[in-house]
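Computed from a predicted model, the values in this text were never measured in an experiment. Every chain is numbered from 1 and lettered A, B, ... according to where its sequence line falls, protein lines coming before strand lines.
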Protein chains: 2
Amino acid sequence: MSTPSNNVHEAAAQGDVTFLSSNRQLLNLQNDRGWTPLHFAARYGQTETVRFLVAEKVDTKLVNSEGKTAAKVARFWGFEEVAKILDAEQESSVTTPGTQEVATATINRGRFSENYQNFFAGGKLNRFGFLRTENAYLTRTLTSPTSRFLLLSNGRPLFDTTQPPATIAWLSYPDIADIIGNPYQEEAIPAPLGEGKDEFIIVFLGVLEENGEGPDSGPAYWVVDVSPRGSLEDKMTALEKNLSERKFDFVEPRPKAFKLETGDAAILAQARAMVDWNYRNQYCPACGRRTVSMDAGHKRTCPPDEEAPAGSVEAKKKVTPPCKSKGVQNFSYPRTDPVVIVCVVHPTEDKVLLGRQKTWPKGMYSALAGFIEAGESMEEAVRREVKEEAGIVIGNVAYHSSQPWPFPNSLMIGCLAEAVTDIIKLEDKELEEARWFTRPQVIEALSQSKLPFEAQSSALIRMPPETAIAHQLVKTWALEKEWSGAGVLAK
Amino acid sequence: MSTPSNNVHEAAAQGDVTFLSSNRQLLNLQNDRGWTPLHFAARYGQTETVRFLVAEKVDTKLVNSEGKTAAKVARFWGFEEVAKILDAEQESSVTTPGTQEVATATINRGRFSENYQNFFAGGKLNRFGFLRTENAYLTRTLTSPTSRFLLLSNGRPLFDTTQPPATIAWLSYPDIADIIGNPYQEEAIPAPLGEGKDEFIIVFLGVLEENGEGPDSGPAYWVVDVSPRGSLEDKMTALEKNLSERKFDFVEPRPKAFKLETGDAAILAQARAMVDWNYRNQYCPACGRRTVSMDAGHKRTCPPDEEAPAGSVEAKKKVTPPCKSKGVQNFSYPRTDPVVIVCVVHPTEDKVLLGRQKTWPKGMYSALAGFIEAGESMEEAVRREVKEEAGIVIGNVAYHSSQPWPFPNSLMIGCLAEAVTDIIKLEDKELEEARWFTRPQVIEALSQSKLPFEAQSSALIRMPPETAIAHQLVKTWALEKEWSGAGVLAK
């Protein structure tokens, strides 16, 4: 689908040296994001084009609007050979100290600013959604010696607790083969999770593409729920006992999950939300019949005929269940609840609004939050929640970042919002208190929130830890130049 | 909760004339968002302070970073008296033509830029969530002559079709009293929707605060689902016939809903999503029992004892149903599915990526979209979807706006995203085709999309109409200065 080069940037990206040769006067041209042809060649790994440009003596030190040289871009995108060519060129040329910093400071940032990444995001798996229905792939991969299994029991993940901090205890197929067998081996629709039938939940999470790309380029990841119940109760209880002897224990995810490294935390978030959804949807909410797991744990549906044994002739006839004629079956798919969470900025921009619930520890305050309701935009949900909870009228809303929150399955959508009134009134009594906090107060609270909870002073204000998006929202307002530059007049 | 004034802006907001009097040299001071003390006084409706500042000869023509004078701010926030004082002052002073425009252009926008508002957003009701459990209020308001009822039948809203464009046919309580009675009259938990029981869905939507503020300051809005079924089938069929004689008909919401004015469209979005959710959740997905409607249609729960007649001693004992011990009952609350929809910008910024599904009309292309999955941030969902559907790697993502989409209950989260590769590959085969379109192509398509579908040329590219967020995303890229300024080098 690549098209003929229209300009030097496209040409460099596509390795079109002919086009570049006939446009030699434009080889250092920066686009609005500060990208030169060399940046494009580097990003697409066009090794020969990079050699050509270096031979043409283009300026290899030019940085784009993110402050990145072509060498940096190449390295980021995994083109090590290109990066080395550019390193060598850099070393052989005279470097003017400070050039890069000056350039960064004088070039405007692009329209796309760097995204924030919150805890529980940053997953490294390729989910390969289209493989969820490929029984041949699933059957083969499930039993592969490279496959890795996270176990959950009643919402608690299996952790290796031999030394702190505890980490996920990754199991192999033989550890659990006795319980899960190979549910993808037959084309038959799996049996419902229920009394007298096999009672485990299994979800295919994705592949860590360690060697190249594709479904077979690295270990497949799975989650298996082994909460003891039904006919498998004894086996599951025995498994738990055996694991415990290896110092592998099912632990409460809070707080232990918050010490995981990024990739594992993201897998846990995905796994826990998926198991929870499967667990809570064992009946069809439209017709009340037992549901069965489909698509490697990513769909639940009414069985063709509840009474027909799986694999029987009746089942193969696929009798339509009574709920099927009612349009989109959105309840067949995993549920994610969008929640707005907001750092409200005072009209004078030198204070923010935080609230506390009665049940929270003494001195704890956080950003206001609430579920997005039917028929409202994200911005409207922010305005409604802040008005309901604190009586403050909101003008414009600025999106900040989002965070998957697997307790059980929320998506936190974080914003800063512009207050246009400042008189607080707790209209719906959801909060015990809401208050305006000054920048110095907030900075002190952010700082104390990095200590272990036990080490915090209840005389000072507490705030959620860095792993919570509320912390990040307030931190952005308190410390980032774009926001903290404001309110100086008001000090 | 107001505090002593620390500066002239706070003082003006709070009407602290004493503080202002002793800081006369600062009365024209603009904060980082261009706000003067006069702007703050205007926004908070501090009439006496405005008079004081005018008497002090402050510059009433100064605009804030959104280009608004204090008079404009006052009018926006409903302080007409203040606005008139400032209008009078403006007229009596010498106006320099063009001043305001120059000021707007030279002052940077504030950190909060103006939010976009998509179709189906812009609701004017105060939902008064805390009243959903107040049976006394609900009972009284339901039968009030000012209450307005939207009817739905199998997802189709009741419209007044006497003249085009058709609008919502608002009914009064007497029109439907025969069917709905007054379900809030008794404290008893309402009966489940089911065979042999009363079978309608009713949801309290909120209040249009026409006269002041508060639950009684204007008409209450309700939606009632009267899809003919069960014991009420005959009554509902008769109702439909009667209404039809008044030229009130149940119509397909697409396309008719898209001609509604903002407030009515938002009510329809809220109403349709809520009825749909109630309709699809007549059974508890965790225990399979019939659910009952609670909280004026905003919650569904297992009855205390399914077998006990409502109001009986057994029911009052509130026997815990079997699903109740399993943590947060998130399935008891309405479901909103977050969807990312994205206008992908080419690395050279002069093209965007649009795709088409096989079933779409000839020539129709739109922004790529997909449901946010468990354990991923909004930005990660964008990257995954674009990679799956078109093989393009995404760098940073910029949030644009959101749109409630009641088919049946999505929240569209609209973004622009930075492509860092440009070779298209349809990895998951969800799309029939994906292509890069230039700015001129896109502008032509946006323009043609404003014509009725029948009047469009299938020889040209088609795009979704203005009521779709996809249209707005692409339009922002194609026409707004911040984005369209880019790519000039590449032309």
Checklist entry - So which part of B:Phe40 gets closer than 4.5 Å to some heavy atom of chain A, the side chain, the backbone, both or neither? => result side chain

Checklist outcome for this item: Between B:Val397 and A:Phe112, the two heavy atoms sitting closest are C-CD2, 4.3 Å

Item to check | CG on A:Asp422 to CD on B:Glu10, rounded to 0.5 Å | outcome: 7.5 Å

Checklist entry - Is any side-chain N of the basic residue among A:Lys425 and B:Glu213 closer than 4.0 Å to the acidic one's carboxylate O? => result no

Item to check | CG-CD distance between A:Asn115 and B:Glu380, expressed to the nearest 0.5 angstrom | outcome: 9.5 Å

Item to check | Minimum heavy-atom distance between B:Pro347 and A:Tyr44, given as atom pair plus value | outcome: CG-OH, 2.8 Å

Checklist outcome for this item: Counting heavy-atom pairs under 4.5 Å with chain B, the top scorer among A:Ala273, A:Pro406, A:Ala269, A:Ala374 is A:Ala374

Checklist entry - Roughly how far, to the nearest 0.5 Å, is OG1 of A:Thr348 from NE2 of B:His9? => result 9.0 Å

Item to check | Closest contact, heavy atoms only, B:Gly129 versus A:Glu388 | outcome: N-OE2, 4.1 Å

Checklist outcome for this item: Honestly, the part of B:Glu418 sitting under 4.5 Å from a heavy atom of chain A is both

Item to check | Most contacts with chain B, counted as non-hydrogen pairs under 4.5 angstrom, among A:Ala266, A:Gly122, A:Gly155 | outcome: A:Gly122

Item to check | Interface moiety of B:Glu373 toward chain A, non-hydrogen atoms closer than 4.5 Å | outcome: both

Checklist entry - Tell me, side chain or backbone of B:Val393 under 4.5 Å from chain A's heavy atoms, or both, or neither? => result side chain

Checklist outcome for this item: Whatever's closer than 4.5 Å to a heavy atom in chain A on B:Trp405 counts as neither

Item to check | Spacing of B:Met412 atom CE and A:Ser377 atom OG [to the nearest 0.5 Å] | outcome: 13.5 Å

Item to check | Minimum heavy-atom distance A:Leu411-B:Met378, with the two atoms named | outcome: CD1-N, 4.4 Å

Next on the checklist: Just so I understand: if I count every heavy-atom pair under 4.5 Å between each of B:Gln270, B:Lys387, B:Arg272, B:His346 and chain A, which residue has the most?
Outcome noted: B:Gln270

Checklist entry - Of the listed residues (B:Thr421, B:Asn154, B:Ile372), which shares the most heavy-atom pairs with chain A below a 4.5 Å separation? => result B:Thr421

Checklist entry - When rounded to the nearest 0.5 angstrom, what distance separates OG in B:Ser113 from CG in A:Asn396? => result 7.0 Å

Next on the checklist: As a quick check of understanding, evaluate side chain to side chain donor-acceptor pair (under 3.5 Å) for A:Glu379 and B:Ser402, giving each step before the final call.
Outcome noted: CA-CA 8 Å; A:Glu379 293 80 3; B:Ser402 59; 3.2 Å; yes

Item to check | Distance (rounded to the nearest 0.5 Å) between A:Tyr399 OH and B:Ile413 CD1 | outcome: 7.5 Å

Next on the checklist: Please rank B:Ser401, B:Ser410, B:Ala417, B:Ala265 by heavy-atom pairs under 4.5 Å with chain A and give me the top one.
Outcome noted: B:Ala417

Item to check | Top contributor to chain A contacts, counting heavy-atom pairs under 4.5 Å, from B:Leu416, B:Leu268, B:Thr336, B:Asp428 | outcome: B:Thr336

Item to check | Interface moiety of B:Val8 toward chain A, non-hydrogen atoms closer than 4.5 Å | outcome: neither

Item to check | Ion pair check, B:Arg127 and A:Glu427, cut-off under 4.0 Å | outcome: no

